[in-house]
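Report on the following structure.
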Protein chains: 2
Amino acid sequence: MADINFSNPTRDPDVRGTDRPAAPRSGDLRWDIIELLFFAYRDFVGDADNELEAFGFGRAHHRVLHFVHRYPGLKVADLLDVLRITKQSLGRVLKQLLDEGYIVQRTGNNDRRQRLLFATPKGETLVAKLAGLQTDRITHALRDINPAGIDTVRQFLRAMIDQDDPDKVLEVILKPAGATAKA
Amino acid sequence: MADINFSNPTRDPDVRGTDRPAAPRSGDLRWDIIELLFFAYRDFVGDADNELEAFGFGRAHHRVLHFVHRYPGLKVADLLDVLRITKQSLGRVLKQLLDEGYIVQRTGNNDRRQRLLFATPKGETLVAKLAGLQTDRITHALRDINPAGIDTVRQFLRAMIDQDDPDKVLEVILKPAGATAKA
DNA sequence: AAATTTATGTCAGCCATATTGACGTATCTT
DNA sequence: AAGATACGTCAATATGGCTGACATAAATTT
């Protein structure tokens, strides 16, 4: 098992005596940005992950709490669209957040089948704490970037998102700033 | 359980007759960029996830294959640093990739305990396919951004990464372009 | 009014991916 | 020879996904 059949010793001229990873290869692919996105996101969510441990929560709880906080009165169905998970998966984390008092439900005004979700003050506190950590990182990352550059970053991130997503939350997000859900 | 004790009906003036998610709240936190990062990354990795299904692989396989491809001769220990997972988790994924011929190991030249990892042609093909999908998305997102703006985006992403990470791969990545691992 | 659809919740079971801790072996370093 | 290192593996466990089935209440359609 531990033996290696490396029958083509000519294809990796990068490995000489040093046994260190070779320099990245180039090409017509955006390897650099692919990797930057990986590391940036890894460390970005890492901030919150560390904090969440203390509460016995995971990343899923954070996502739910975040969107409920940001879009008060969000329906369960909306949350499913946004998070792209199944009802069952959402159910577990949502139940915890409800039981532990981070979120409350209220029956819809028009449609009494709906359970509209709201963050409690306890939930607000936690989500603000987590967003604070992430904001610190973002603010630091934007420190040497001027306002126009910040717009460019936003533009890039917006354009990375599927535009054909029939998602209420995304409608709001993808609209140019200022056009916030005014009916 | 389904009953709701919402004892403070005055705290959500956003919910009127419409029962639609309210507009996002503002404040001193970078909610906009936090959300953009979430959606951008969700859709970015979604491209590869869809393709990986056909191979019976998951995101973890992609990550391993990606970094082995990019840094030929990567050691197992390096991979653990980069992916921030445990040896056991990596073990399973790596074993599959080895068994199915996407990656090969070779004993280190200097240190024969090491198992240096290389992508096979089969592995190269798959990783290039996945990177192609992601590159398409990135290229599209950068379409209307000029070269200076693209540098700004890179600068932002780089600055989002933990700078104090004693990681060989990151050393390479975080160095200003051009200074690629030249000893 | 009855039938259908919708929004939500829940149960049972499965899978992928992560965890910690322990141990074994080969190899390098001292 | 002793200890540290690189790697592999085993056992047990947790989280967070999944599918499919089913139940209920409420809205909508017929």
Side-chain angles (χ1 to χ4, degrees), chain A residues 1-4 19-21 42 45-46 48-50 52-53 55-65 68 73-99 103-117 168, chain B residues 1-4 19-21 42 45-46 48-50 52-53 55-65 68 73-99 103-117 168:
Chain A
M1 261 64 110
D3 245 338
I4 294 128
D19 284 354
R20 289 189 309 172
R42 181 193 68 174
V45 296
D49 285 350
N50 295 337
L52 285 160
E53 267 183 40
F55 293 81
F57 288 156
R59 204 172 292 176
H61 300 83
H62 184 195
R63 289 174 178 167
V64 171
L65 196 51
V68 169
L74 208 60
K75 291 183 301 177
V76 171
D78 295 332
L79 215 36
L80 291 175
D81 284 346
V82 171
L83 301 181
R84 298 246 177 106
I85 60 177
T86 58
K87 198 170 30 162
Q88 294 72 16
S89 296
L90 175 59
R92 254 174 320 180
V93 291
L94 189 54
K95 190 172 190 312
Q96 270 183 275
L97 291 168
L98 289 165
D99 289 349
I103 284 179
V104 287
Q105 290 179 323
R106 206 165 48 142
T107 301
N109 296 329
N110 297 335
D111 187 335
R112 296 186 47 220
R113 292 171 304 182
Q114 295 174 350
R115 308 297 159 84
L116 309 184
L117 302 170
K168 280 181 187 168
Chain B
M1 261 63 131
D3 247 335
I4 293 129
D19 284 355
R20 290 190 309 170
R42 182 194 68 172
V45 297
D49 284 349
N50 295 336
L52 285 159
E53 266 182 40
F55 293 82
F57 289 154
R59 203 173 292 177
H61 300 83
H62 184 193
R63 288 174 178 167
V64 170
L65 196 51
V68 169
L74 208 62
K75 292 183 300 179
V76 170
D78 294 332
L79 216 36
L80 291 175
D81 284 346
V82 171
L83 301 182
R84 297 249 176 103
I85 59 177
T86 58
K87 198 169 29 162
Q88 295 71 17
S89 295
L90 175 59
R92 244 172 323 134
V93 174
L94 191 53
K95 190 172 190 313
Q96 271 184 274
L97 290 169
L98 289 165
D99 288 349
I103 283 179
V104 287
Q105 290 179 324
R106 208 166 45 143
T107 301
N109 296 330
N110 297 336
D111 187 335
R112 297 188 45 219
R113 292 171 304 182
Q114 297 173 348
R115 306 297 158 85
L116 310 184
L117 302 170
K168 280 181 189 170

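In the text below, chain A, chain B and the rest are named by the order of the sequence lines, each starting its count at 1.
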So, does [X] get its side chain near the phosphate of [N], meaning an N or O under 4.0 Å from OP1 or OP2?
X: A:Gln105; N: C:dT8; result: no
X: A:Thr86; N: D:dC18; result: yes
X: B:Ser89; N: C:dT17; result: no

Taking [atom1] from [X] and [atom2] from [N], how many angstroms apart are they, rounded to a whole number?
X: B:Leu117; N: D:dC7; atom1: CG; atom2: C1'; answer: 11 Å
X: B:Gln96; N: C:dA16; atom1: CD; atom2: P; answer: 8 Å
X: B:Ile85; N: C:dT17; atom1: CD1; atom2: C1'; answer: 9 Å
X: A:Leu94; N: D:dT15; atom1: CG; atom2: C1'; answer: 17 Å
X: A:Ile103; N: C:dG9; atom1: CD1; atom2: P; answer: 11 Å
X: A:Leu79; N: C:dA7; atom1: CG; atom2: P; answer: 15 Å
X: A:Leu80; N: D:dG16; atom1: CG; atom2: P; answer: 16 Å

Without swapping roles, check the side chain of A:Asp78 against the backbone of A:Leu74 for a donor-acceptor pair under 3.5 Å. no
Is A:Gly91 touching bases, backbone alone, or none of the nucleic acid, heavy atoms closer than 4.0 Å? nothing
Protein-nucleic acid N or O pairs under 3.5 Å, nucleotides 11-15 of chain C:
none

When you compare the protein's N or O atoms with those of nucleotides 22-29 of chain D, which come within less than 3.5 Å of each other, and at what distance?
unit_1: D:dA27; atom_1: OP1; unit_2: A:Arg112; atom_2: N; d: 3.1

